[in-house]
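Letters A, B, ... are given to chains in the order of the sequence lines, protein chains preceding strands, and every chain is numbered from 1.
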Protein chains: 2
Amino acid sequence: MVTLKEIAEICNVSATTVSNVINGKAKTSEETKNRIMEVVRKTGYNPNYMAKGLRVKRTRTIAIIAEDLAQFTSPPIIENIMAYCESRQYRATVYNLRLYDRWSDTWYNDEEEYKSVFEPVLRDVLSAQVDGIIYLAGHCRVIKSFSDDFQLPVVMCYALSDSPGIPSVVIDDEKSSWEMVSHLIKAGHKRIGFVGGRVENLHTIERLKGYQRALYENGILFDPSLVFYGRWDRESGYEGASKLLTQGVTAIFAISDRMAGGVYDYLYEAKVAVKDKIAVAGFDNEAISQYFRPALTTTELPLAEIGKKSAELILNRLEKKDGGRSAYSEPYVIKVPCTLKDRNSV
Amino acid sequence: MVTLKEIAEICNVSATTVSNVINGKAKTSEETKNRIMEVVRKTGYNPNYMAKGLRVKRTRTIAIIAEDLAQFTSPPIIENIMAYCESRQYRATVYNLRLYDRWSDTWYNDEEEYKSVFEPVLRDVLSAQVDGIIYLAGHCRVIKSFSDDFQLPVVMCYALSDSPGIPSVVIDDEKSSWEMVSHLIKAGHKRIGFVGGRVENLHTIERLKGYQRALYENGILFDPSLVFYGRWDRESGYEGASKLLTQGVTAIFAISDRMAGGVYDYLYEAKVAVKDKIAVAGFDNEAISQYFRPALTTTELPLAEIGKKSAELILNRLEKKDGGRSAYSEPYVIKVPCTLKDRNSV
DNA sequence: TTGAAAGCGCTAACAC
DNA sequence: GTGTTAGCGCTTTCAA
């Protein structure tokens, strides 16, 4: 590994001059500039990131702490964070908590266990001297992993922060749900079953609100017996459908595509035609939804946008381009809208 | 950020001693050891990774250069590389070429364009002073991105290297395909259509070999008109099925689940029952395959194992636990077997 | 068992 | 325009 000093020696200039040329800093004569660049190219010189970081105390690197890389929402978000960082000459490095991998979806009840994995990772991140952190959640909830006086800029991605200093980027669950239910109503449905995720889950809560608002705006009574709470998975959808059908629904809105898959299962077994007899809508626009027969009408998650916004937010903060909001006076939440994918199940 | 030197001052010892205690190096009296650890805890001291890396010239970090994070095979592999690295006190950091994102699947024809994205990333990786590199391909082929005298240990993951110094970890395409076709034959099929990916693709080539071997071993003539080459996607599967059905096949083996989805599409339109009339088998065991109706018999990719093996390989190399194979005399290829998922389409 | 000094590769501050 | 000096936070001799 050739060093800057060696380049300097070869060129008969000082290390400073080489440094200046490489970083386009001070004024240097074209002559020496060319001479140096030539040698840099020939030797295949690469600046030592460690040495530079140690000296300047800025690494132009942000950490993405992902709760789980394998969560289907994570890779597209990460990919777009990285793409945006690249466009502004930053680096993003991924740390993976592997929360689902370790405890499927039970983990978030146990604060202690969570800490035992989060804290070592955070130390690692801090050791690496990153300039900022994007915490990428696996699902939306209020996350209090960072103390109020945490030393680094943080952006909460796909979840809410409880700290005024940490802005959040989330999807607009309420509005997206409202849109889908309005769509269902426009198609003539009045008794619409709602298959939610876990009761206490924020996605569930917000989407239920959207459901209720759509009913209200159309003068339809909200019937609580049309609401079923599942666990996001296919089996829950099946259960939900079996319960809801006895309530005489003409449409079912399952708030995950997987649960919608379970609804299809039940309907198939019961020989009830999707769309013709019962309309079904999903949420997420996972790959599976296109393979359902009939193809599922669902809501596309704005994952790319979420990634980009989060990255933008943190980089602006790092470069103080955020209009002085460095310390937000109130929780700062960006809600990114989803888009309805109208396919063939409604 | 409190530094080691500050810890030393507080404790009235030298920096050396603190360093020794933290790294469990030299013999230190219990007394001072406790005193130091206490202060370390209280101050929340984190060693500076930059400073340490600069000094010791080993970072205990490996780079994963992923061709595309959004490729469905990537996240599970990465997750398992990270998990294994963690178990041996290493760090893995992800670099993303975003090849598919940039050029979908046309990119690999253009060496120049490829270099224009690979090379800056490689410089970045080198700058970061990682100890080794795992190159994670999006699909199997021979990759010659690293010169023969490349300075760092490299492992090729999910692809083949052309260099004796770079071992590869890939799936056993031939055997897995052989297994599936044997399974089909055992179920009574003699005229089995093969829906491949692109002709020149290594997965296609190997799986076709497995297909042929299974036929051969069962005394079935290989009929070239039963082979169709697609582009891995759903539409290709549809096309393939339409061609193959005119050849009187009783089973179709599509070597990606997505293409199998297209086969289902065609069969559905043509009102031909999957399984009862035509057996269908896929490959990949993507999430979608479970939602097909009937559920798709397919082959599960050993992604976890591939990740783990790759990590193991490179860490062993870094720590010379590879039985002196530091320079392999011949290309060293590890083929990881897949497992057949027998569901309901055969 | 502990410490002093040197130096990893780089850049900031300042002098020339 | 270019060079000198000092030092970022750590570990590694080597000496005490």
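Picking from D/dC10, C/dC10, C/dG3 the nucleotide with the shortest atom distance to the side chain of B/Val13 gives C/dG3. If you check D/dC10, C/dT11, C/dC10 against the side chain of B/Pro47, the one that comes closest is D/dC10. Taking only side-chain atoms of A/Thr17, from C-beta outward, the nucleotide of C/dG3, D/dG3, D/dT11 with the closest atom is D/dG3. Side-chain atoms of A/Ser14 lie closest to D/dG3 of the nucleotides D/dG3, D/dC8, D/dT11. The side chain of A/Leu54 lies closest to C/dG9, out of C/dA12, D/dT12, C/dG9. With distances taken from any side-chain atom of A/Ala51 to the nucleotides C/dT2, C/dC10, D/dC10, the minimum falls on C/dC10. You'll find that the side chain of B/Leu4 is closest to D/dC10, out of C/dC10, D/dC10, C/dC8.
Per the geometry, CG belonging to A/Asn12 stands 13 Å off P belonging to D/dT2, to the nearest Å. For the pair A/Lys25 NZ and D/dT2 P, the interatomic distance rounds to 17 Å; values are reported in whole Å. Atom C1' of nucleotide D/dT4 and atom CD of A/Glu9 are separated by 15 Å, given to the nearest angstrom. Distance A/Asn46 CG to C/dC10 C1': 14 Å, rounded to the nearest Å. Between B/Met50 atom CE and D/dG7 atom P there is a gap of 22 Å when expressed in whole angstrom units. Atom CD of A/Gln129 is separated from atom P of D/dC10 by 8 Å (rounded to the nearest Å). Residue A/Glu30 contributes atom CD, which lies 12 Å from atom C1' of D/dG1 at whole-angstrom precision. For the pair B/Lys5 NZ and C/dA5 P, the computed distance is 13 Å after rounding to whole Å.
Residue contacts shown for A/Asn23 are limited to sugar-phosphate atoms, with no base heavy atom under 4.0 Å away. Heavy atoms of A/Tyr49 sit nowhere under 4.0 angstrom from any nucleic acid atom.
Ranked by how close their nearest DNA chain C nucleotide is to the 5' end, B/Thr28 and B/Val56 are led by B/Thr28.
In this structure, the ring of A/Phe118 has its center less than 6.0 angstrom from the ring center of A/Phe146.
Look at B/Lys52 and you won't find any side-chain N or O under 4.0 angstrom from OP1 or OP2 of C/dC8. Look at A/Lys33 and you won't find any side-chain N or O under 4.0 angstrom from OP1 or OP2 of D/dG1.
Of the candidates B/Val154, B/Ile314, B/Val155, B/Val155 is the only one forming a side-chain contact (heavy atoms from CB on, under 4.5 Å) with B/Pro167.
Here the OG1-NZ distance, from A/Thr16 to A/Lys25, works out to 11.5 Å after rounding to the nearest 0.5 Å. A/Leu69 CG to A/Ile77 CD1: the interatomic distance, rounded to the nearest 0.5 Å, is 11.5 Å.
Counting distance only, with no hydrogens placed and no angle test, the side-chain atoms of A/Ser29 and the base atoms of D/dT2 include no donor-acceptor pair under 3.5 Å. In terms of polar N and O atoms assigned as donor or acceptor, the side chain of A/Thr16 comes within less than 3.5 Å of the base of C/dA12 in a complementary pairing.
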- Task: I would like to know whether B/Asn23 and B/Lys52 meet side-chain hydrogen bond (donor to acceptor under 3.5 Å, both in side chains); could you show each step before the answer?
- Result: CA-CA 11 Å; B/Asn23 298 298; B/Lys52 179 161 184 165; 3.1 Å; yes
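A salt bridge between A/Glu30 and A/Lys33 is present, with a side-chain N of the basic residue lying under 4.0 Å from a carboxylate O of the acidic one.
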